[in-house]
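Heavy atoms only: backbone and side chains are in, while hydrogens, waters and symmetry mates are out. First the proteins, then the strands, lettered A, B, ... as listed; each starts at 1.
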4 protein chains.
Amino acid sequence: MEPSAAEDDATVPEQDHRPAERPPTGHRRTEPRRRQERAILRRERLLEAAVELLEEGGFTAVTHRAVARRAGVPLAATSYYFTCRAALLAEAFTLLVERELAAIRAHLEAVPADPPDALAEALVQILNHDRQRRLGLWELYLQAGRDPDLQRIARAWTDGCDEIVSWVLHRSGHHARPSQVRFVTTVLSGLWVEGIVEDRLDARRRIREVLTHTLAALRAP
Amino acid sequence: MEPSAAEDDATVPEQDHRPAERPPTGHRRTEPRRRQERAILRRERLLEAAVELLEEGGFTAVTHRAVARRAGVPLAATSYYFTCRAALLAEAFTLLVERELAAIRAHLEAVPADPPDALAEALVQILNHDRQRRLGLWELYLQAGRDPDLQRIARAWTDGCDEIVSWVLHRSGHHARPSQVRFVTTVLSGLWVEGIVEDRLDARRRIREVLTHTLAALRAP
Amino acid sequence: MEPSAAEDDATVPEQDHRPAERPPTGHRRTEPRRRQERAILRRERLLEAAVELLEEGGFTAVTHRAVARRAGVPLAATSYYFTCRAALLAEAFTLLVERELAAIRAHLEAVPADPPDALAEALVQILNHDRQRRLGLWELYLQAGRDPDLQRIARAWTDGCDEIVSWVLHRSGHHARPSQVRFVTTVLSGLWVEGIVEDRLDARRRIREVLTHTLAALRAP
Amino acid sequence: MEPSAAEDDATVPEQDHRPAERPPTGHRRTEPRRRQERAILRRERLLEAAVELLEEGGFTAVTHRAVARRAGVPLAATSYYFTCRAALLAEAFTLLVERELAAIRAHLEAVPADPPDALAEALVQILNHDRQRRLGLWELYLQAGRDPDLQRIARAWTDGCDEIVSWVLHRSGHHARPSQVRFVTTVLSGLWVEGIVEDRLDARRRIREVLTHTLAALRAP
DNA sequence: GATGAATGAGACTTCATTCAT
DNA sequence: GATGAATGAAGTCTCATTCAT
């Protein structure tokens with residue numbers, strides 16, 4: 001295969017066809033906006049591709065080449081839209097965190113606050129759902145231990161979790177102090193990372209047990 | 001190529017010194033052991049180098065080249081002693097887990113069981129100590145999520161932690177059920193990974209708070 | 001690394017000479033074609049180098065390094081223009097087959113059809129000419145026995161030979177049935193491979209004898 | 001896996017056990033012979049392994065490592081029993097040629113001479129049988145084009161074929177002249193190499209057709 | 001005699017990034 | 001603005017062969 005067959009399919013047509021397709025009104029104004037739109041779209045597509053690859057193959061799978069191919073974009077575009085690989089990863093991490101937090105919030109909003117059992121079940125589902133995505137998220141999270149830029153985002157993740165925990169506890173009538181919120185988030189982190197990595201058969205039971213003890217701690221004086 | 005100069009420095013001396021060290025009885029029998037010893041030593045040196053690099057630069061820093069250079073050994077030696085990079089990493093992971101568990105055990109054995117405050121302080125120290133090493137350990141731990149070979153070792157890590165937790169609790173008079181042990185280990189995992197990655201200023205206070213809540217849970221009915 | 005000096009010698013001149021050659025009309029349009037041309041040229045040079053090496057040293061001599069060095073191109077260029085070594089070899093095989101068939105056709109067209117002796121002499125020359133090139137061709141031909149991609153090309157070679165044989169026979173007044181054409185091609189294959197490999201002193205006589213018997217078979221009822 | 005696990009299984013026991021197992025008669029004479037026997041056996045085993053690998057994976061698959069592993073022998077033994085890879089291949093070629101010729105002879109001896117159709121069928125079977133082995137044989141045959149040592153053996157192969165052809169023709173009442181024998185052998189070579197490489201569906205029919213024409217040539221004046 | 005240890009050379013391939021156009 | 005071309009650096013791994021024991 002030629003080195004860049006896939007990329008050509010995606011890009012060359014756009015370039016060559018557009019001048020001819022332009023509406024005869026001759027609005028020059030619309031052209032730049034078009035371009036800008038395309039640029040934004042491309043950026044998003046690249047980011048999306050990076051996230052996908054991260055989830056599928058982990059940190060090392062996110063290469064310029066792979067991202068470009070996945071996004072259907074010429075190789076050099078990755079360097080054009082992102083200053084370097086690290087920047088791309090940082091944005092991907094941000095996106096991943098945002099999505100994850102939103103997904104969790106949405107999941108919990110759909111669950112009634114009253115029966116604690118329903119909450120437990122919801123958490124089990126959250127913690128067990130889509131192992132690949134979590135792997136990617138946690139891989140970047142850990143990478144943040146070596147990279148100050150990522151660390152900022154890692155903290156945003158933890159803070160977001162705190163916020164959600166706080167809201168859930170409040171909704172259930174618990175007037176949780178910050179340290180209690182932190183405690184719960186920490187427990188969840190532990191559960192998460194263990195669950196993702198070890199992939200044990202009795203994962204569900206383990207989660208439930210830990211949650212039971214956690215709630216017991218919250219009720220303690 | 002480039003490392004050829006360095007490796008000679010490391011190996012030739014051993015070879016040259018030996019004749020002088022040989023006992024005058026002239027037992028030829030001891031000779032084969034020498035070679036074998038040197039080989040074992042080399043293997044260990046390579047492993048050590050891999051562990052160091054892992055701690056310093058993370059997963060991707062453990063390359064054949066880097067390991068060989070660090071160990072003062074020709075490049076091809078890495079492939080001679082370890083069938084592939086993955087095998088090297090797996091052994092490094094095992095070593096890291098063993099050491100870490102041993103270090104924690106040693107640390108805790110030196111702490112009196114009675115005053116819970118002393119225990120808390122010990123944990124703070126364990127969790128805060130040698131951030132680099134932990135980063136390496138947890139990076140491999142997470143990598144186990146994608147690699148079944150590593151997963152086995154990851155579980156050994158968690159199981160080892162369970163064992164230590166169980167012993168500590170028992171020593172303190174807690175008759176902890178397995179699920180409680182698991183709970184504590186999970187909390188510690190959460191603390192660990194958060195602490196390593198986020199590197200917050202108030203880490204010590206956070207750890208103490210979480211431990212307080214954890215102990216409260218254990219005392220709860 | 002080492003070839004970096006050589007490749008500059010090969011490429012920089014082209015770049016530097018061009019500005020002088022550019023037509024004074026100053027058409028920017030021509031520029032992109034320049035680059036593309038250079039790329040095509042490079043590809044051809046690489047292929048040419050591969051063919052040469054194949055002829056000289058056989059299958060195993062066609063390495064990325066050797067090809068790059070021979071073509072006066074950086075090592076990575078071989079991977080840029082050909083996805084893998086197999087692809088390079090496949091293209092080299094194709095090229096070799098095409099050239100060989102063309103050369104044979106040209107050779108035979110220059111020979112009068114009438115005196116059968118002239119034809120025999122032409123065949124002797126074809127079969128004896130440029131032993132190295134044939135060695136490369138037949139080595140790849142045989143390799144096709146293990147590689148389906150090459151097999152396609154191997155058949156093209158045989159089919160091309162059939163076609164030529166058919167044309168020659170027709171030109172000489174023989175109305176050869178397909179099975180007869182195949183027979184002749186097979187005989188030629190046998191002659192070829194034997195002649196190339198064994199390199200006997202009486203090669204010429206052997207070829208003539210076999211051809212005599214072959215023609216006898218064609219005249220048989 | 002450790003670099004030499006397989007080899008140890010095969011060799012260490014032999015070395016260590018023998019002194020204890022030696023019969024008490026104390027015949028020192030038998031020991032050297034034992035050793036020699038073992039050496040011969042090993043040599044054969046290595047050769048056998050080389051032949052197998054050649055058939056399975058072709059020329060490039062015959063590496064010291066692969067041969068040693070296949071033979072269940074320490075890596076260095078390959079260099080100990082054969083001066084170099086080329087020597088090993090040369091012997092393998094010889095062995096392959098001998099076996100092949102013997103197999104063909106055996107096959108043809110079992111076929112009645114009279115009905116020409118039976119002979120044709122036998123040839124079809126010979127030419128179609130065990131494609132892998134033939135590939136290895138012909139690969140070495142072609143390699144002989146570049147290696148004078150192998151060329152000697154290649155000629156032995158052709159001469160052996162001549163001999164067989166001569167015998168078969170004679171048995172069938174044909175009083176074939178040498179040039180006719182050579183013609184037939186050449187045709188067979190062509191058939192062989194084409195058949196092995198191209199692996200076409202109508203191979204059987206093609207072979208039969210070519211044989212028909214070949215026999216026609218022999219009957220011609 | 002036999003072999004584990006060792007290694008320089010080199011295999012193929014990928015990568016991030018730059019640059020001229 | 002976008003991108004094909006380009007490449008130095010480095011990646012993992014295999015190989016034939018030597019040598020000390």
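S79(C) places no side-chain N or O within 3.5 Å of a backbone atom of A76(C) that could act as its donor or acceptor partner.
A sub-4.0 Å separation between OP1 or OP2 of dA10(F) and a side-chain N or O of R69(B) is absent. Contact annotation: R42(D) reaches the phosphate of dT3(E) (side-chain N/O to OP1 or OP2, under 4.0 Å). Between R43(C) and the phosphate of dG4(F), there is no side-chain N or O to OP1/OP2 separation shorter than 4.0 Å.
Between E37(A) and L41(A) the shortest side-chain heavy-atom distance does not fall below 4.5 Å.
Candidate nucleotides dA5(E), dT13(E), dT3(E) were compared by shortest atom distance to the side chain of A77(D), and dT3(E) ranks first. If you check dT13(E), dA2(E), dA2(F) against the side chain of R38(A), the one that comes closest is dA2(F). Which of dC13(F), dG8(F), dA16(E) sits closest to the side chain of R85(B) comes down to dC13(F). Among the nucleotides dA16(E), dT14(E), dT3(F), the one closest to any side-chain atom of T63(A) is dA16(E).
As the counterpart of dT21(E), dA2(F) is assigned, both hydrogen-bonding distances of the Watson-Crick or G-U wobble pattern falling under 3.5 Å.
R85(B) forms a cation-pi arrangement with F59(B), by the criterion of a distance under 6.0 Å to the ring centre and an angle within 45° of the ring axis. A cation-pi arrangement is absent between R43(C) and Y80(C) under the rule of less than 6.0 angstrom and at most 45 degrees off the ring axis.
Remark: C1' of dG1(E) and CG of L41(D) are 16 Å apart, rounded to the nearest angstrom. Rounded to whole Å, atom C1' of dT7(E) lies 15 Å from atom CZ of R65(B). Residue L75(A) contributes atom CG, which lies 16 Å from atom C1' of dA20(E) at whole-angstrom precision. Atom CD of E37(C) and atom P of dA5(F) are 13 Å apart (whole Å). Atom CD1 in I40(B) sits roughly 14 Å away from atom P in dG4(E) (whole-Å rounding). Rounded to an integer number of Å, the gap from CG of L46(A) to P of dG1(F) is 16 Å. Between the CG atom of L53(B) and the P atom of dT12(F) there is a distance of 11 Å, rounded to whole Å. Computed from coordinates, the F82(D) CZ to dA2(E) P distance equals 14 Å when rounded to whole Å.
Among the protein residues, V62(B) comes within range of the sugar-phosphate backbone only, with heavy atoms under 4.0 Å from sugar or phosphate atoms but none that close to a base. Nucleic acid contact for Y81(D): sugar-phosphate only, since backbone atoms but no base atoms lie under 4.0 Å from a heavy atom of the residue.
Residue order along DNA chain F, read from the 5' end via each residue's closest nucleotide, puts A76(A) first among T60(D) and A76(A). Comparing H64(A) and Y80(D) against DNA chain E, the residue whose closest nucleotide sits nearer the 5' end is Y80(D). Nearest-nucleotide positions on DNA chain F place A39(C) closer to the 5' end than the other of A39(C) and T78(B).
Note that CG of L89(D) and CG of D149(D) are 11.5 Å apart. Values are rounded to the nearest 0.5 Å.
Considering I40(D), L46(D), L47(D) in turn, I40(D) is the only one that fulfils the side chain to side chain contact (heavy atoms under 4.5 Å, CB included) rule with E44(D).
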